[in-house]
Amino acid sequence: MSDRYAVFGNPVHHSKSPRLHGEFARRCRQELRYEAIEAPLDGFLDSVRAFVAAGGRGANVTVPFKEQAHAACRELSERAREAEAVNTLVFRADGSWYGDNTDGLGLVADLRAKGIALAGRQILVVGAGGAVRGILGPLLDEAPARLVLANRSHHKAQLLVQRFSRRGPVEAWTFEQLAGETFDLVVNGTSAGLSGTLPPLPAGLFRPGACAYDLVYGPASAAFLRWAKSSGAEAVYDGLGMLVEQAAEAFRIWRGVRPDTQGLAAWLGNETKPAIL
Ligand code: NDP
């Protein structure tokens, strides 16, 4: 019988993970099954336990269960502990769960693949939710000159700066403080695009040659990327490449082999491409 894996979320019907992991398995000649499971909002742990009892070997976890997954693990990777969120679970033979967070590594791998340098650069990250908690450590590991964090609820950005300042030069600014400042990379880590809105960013944020990256992918990223392009960003990207890379890292953790991700974002993007890209 094939090894079983799944992604747990609510909602999860939109997930591209089953397609992605099916393709990884094909490329790596591995025999496995991967499905999407919508856990009830008040029944995440029961749902995962039932999957483990039925032979599940590992799982991905998405909104809104990453914090619950973190709390349920006996052992955590350093990056999952730091992010206080788990997106990859390994179910061990002794019944314990190991948790990791591959989101930040996924973003950095995608930026690297796109030729976007981070060392010595000025980076702005907008947002302070679960996804931003996952990317801050890996971004700071790339030694930017400065990483500025701006969030609608300023105190959340301040809390993250307290937690991550030992890792590198990170500062919490209000949106008003951004006026007149410029950056090499602006990362939208908010979920604003999902409701068709934009974070209140001032004009003139982009240095010559600067890039914009939205963690959100598909049509929901269009408003931010259109704004970035018209505000002077030289290149704009949605989060599809990050999605592919974080999934490849989860596959490596489970199967011990990292799949070749070449061309997969474009392959997935055929059904999600925002009109302006
Ligand atoms: P959270 O709900 O934890 O956080 C949402 C963040 O967005 C908060 O900082 C919130 O601010 C901010 N926000 C929401 N609406 C607005 C708005 N209208 N204006 C300004 N700020 C706003 O979500 P996550 O951090 O888990 O996820 C963020 C996005 O990243 C999601 O859309 C998700 O799809 C995407 N993502 C993509 C991945 C990929 O692989 N490409 C991986 C993981 C996530 P406040 O604190 O003030 O409420």
Side-chain angles (χ1 to χ4, degrees), residues 7-24 34-38 41 60-66 85 87 102-104 106-111 113-116 124-132 134-135 150-152 175 183 185-203 205-206 210-248 250 261-277:
V7 55
F8 288 83
N10 187 327
V12 79
H13 59 270
H14 63 282
S15 175
K16 300 189 176 305
S17 294
R19 267 188 82 195
L20 258 180
H21 283 278
E23 179 62 13
F24 290 161
Y34 189 110
E35 61 203 288
I37 298 178
E38 185 161 298
L41 288 174
N60 287 128
V61 182
T62 187
V63 178
F65 300 127
K66 290 183 185 179
N87 79 339
T102 63
D103 282 340
L107 172 64
V108 170
D110 189 41
L111 292 172
K114 291 176 163 56
I116 298 169
L124 170 63
V125 174
V126 189
V132 168
I135 66 173
N151 189 49
R152 183 173 61 182
F175 286 112
F183 297 88
L185 172 66
V186 177
V187 177
N188 182 19
T190 75
S191 52
L194 301 181
S195 54
T197 53
L198 282 171
L201 295 170
L205 281 180
F206 296 95
C211 300
Y213 194 106
D214 199 335
L215 299 195
V216 171
Y217 54 83
S221 65
F224 173 72
L225 299 183
R226 190 180 298 120
W227 169 84
K229 200 88 181 138
S230 66
S231 302
E234 188 170 294
V236 300
Y237 303 101
D238 75 353
L240 210 47
M242 170 180 172
L243 181 83
V244 170
E245 296 299 334
Q246 63 77 29
T261 54
Q262 185 78 30
L264 284 184
W267 175 68
L268 283 179
N270 286 335
E271 53 183 46
T272 53
K273 216 164 177 60
I276 63 157
L277 291 182

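None of these values were measured; they are calculated from a predicted model.
Under the side-chain contact (heavy atoms from CB on, under 4.5 Å) criterion, T62 pairs with V7, V12, sequence neighbours left out. Listed by chain and residue number, nothing satisfies the ring pair (Phe, Tyr, Trp, His ring centres under 6.0 Å) test with Y213 (two or more places apart in sequence, or in another chain). For N10, there are no side-chain hydrogen bond (donor to acceptor under 3.5 Å, both in side chains) partners two or more places apart in sequence or in a different chain. Residues satisfying the side-chain hydrogen bond (donor to acceptor under 3.5 Å, both in side chains) test with S230, not counting sequence neighbours, are none. Among residues two or more places apart in sequence or in another chain, the side-chain contact (heavy atoms from CB on, under 4.5 Å) test is passed with T197 by A192, S195. Judged as a side-chain hydrogen bond (donor to acceptor under 3.5 Å, both in side chains), and not counting sequence neighbours, N151 has no contacts. In this structure F65 satisfies the ring pair (Phe, Tyr, Trp, His ring centres under 6.0 Å) test together with F44, sequence neighbours excluded. Considering only residues two or more places apart in sequence or on other chains, A235 meets the side-chain contact (heavy atoms from CB on, under 4.5 Å) condition with C211, Y237. The side-chain hydrogen bond (donor to acceptor under 3.5 Å, both in side chains) test applied to S231 returns W227, not counting sequence neighbours. Considering only residues two or more places apart in sequence or on other chains, A131 meets the side-chain contact (heavy atoms from CB on, under 4.5 Å) condition with L215. Every salt bridge (charged side-chain N to carboxylate O under 4.0 Å, His left out) that E35 has, sequence neighbours left out, goes to R4.
At most 12 non-hydrogen atoms from other residues, nucleotides or ligands lie less than 6.0 angstrom from CD of E234.
To the nearest 0.5 Å, the span separating CG on L240 from CD on E245 amounts to 11.0 Å. Distance CD1/I116 to CG/D110: 7.5 Å, rounded to 0.5 Å. Put simply, OH on Y34 and CG on N60 are 3.5 Å apart, with the number rounded to the nearest 0.5 Å. Within the model, atoms CD of E23 and CG of L264 stand 5.5 Å from one another, a figure rounded to the nearest 0.5 Å. How far CG of L124 is from CG of N188: 9.5 Å, rounded to the nearest 0.5 Å. Taking OG from S15 and CG from L243, the interatomic distance works out to 7.5 Å, rounded to the nearest 0.5 Å.
Two residues are said to be in side-chain contact when any heavy atoms from C-beta on lie closer than 4.5 Å; W267 and V244 fail this criterion. Looking at F224 and V236, their side chains never come closer than 4.5 Å, going by heavy atoms from C-beta outward.
The shortest heavy-atom contact between F24 and A247 is CE1-C, 3.5 Å. Nearest heavy-atom pair across V216 and A220 is CG1-CB, 3.4 Å. Contact record, S221 with D238: OG-CB, 3.4 Å, taken as the closest heavy-atom pair. A pairwise comparison of heavy atoms in A212 and L225 identifies O-CD2, 4.4 Å as the closest pair. Contact record, T261 with A248: CG2-CB, 3.6 Å, taken as the closest heavy-atom pair.
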Inset, instruction - Step by step, work out the side chain to side chain contact (heavy atoms under 4.5 Å, CB included) result for I135 and M242. - result: CA-CA 11 Å; I135 66 173; M242 170 180 172; 4.1 Å; yes
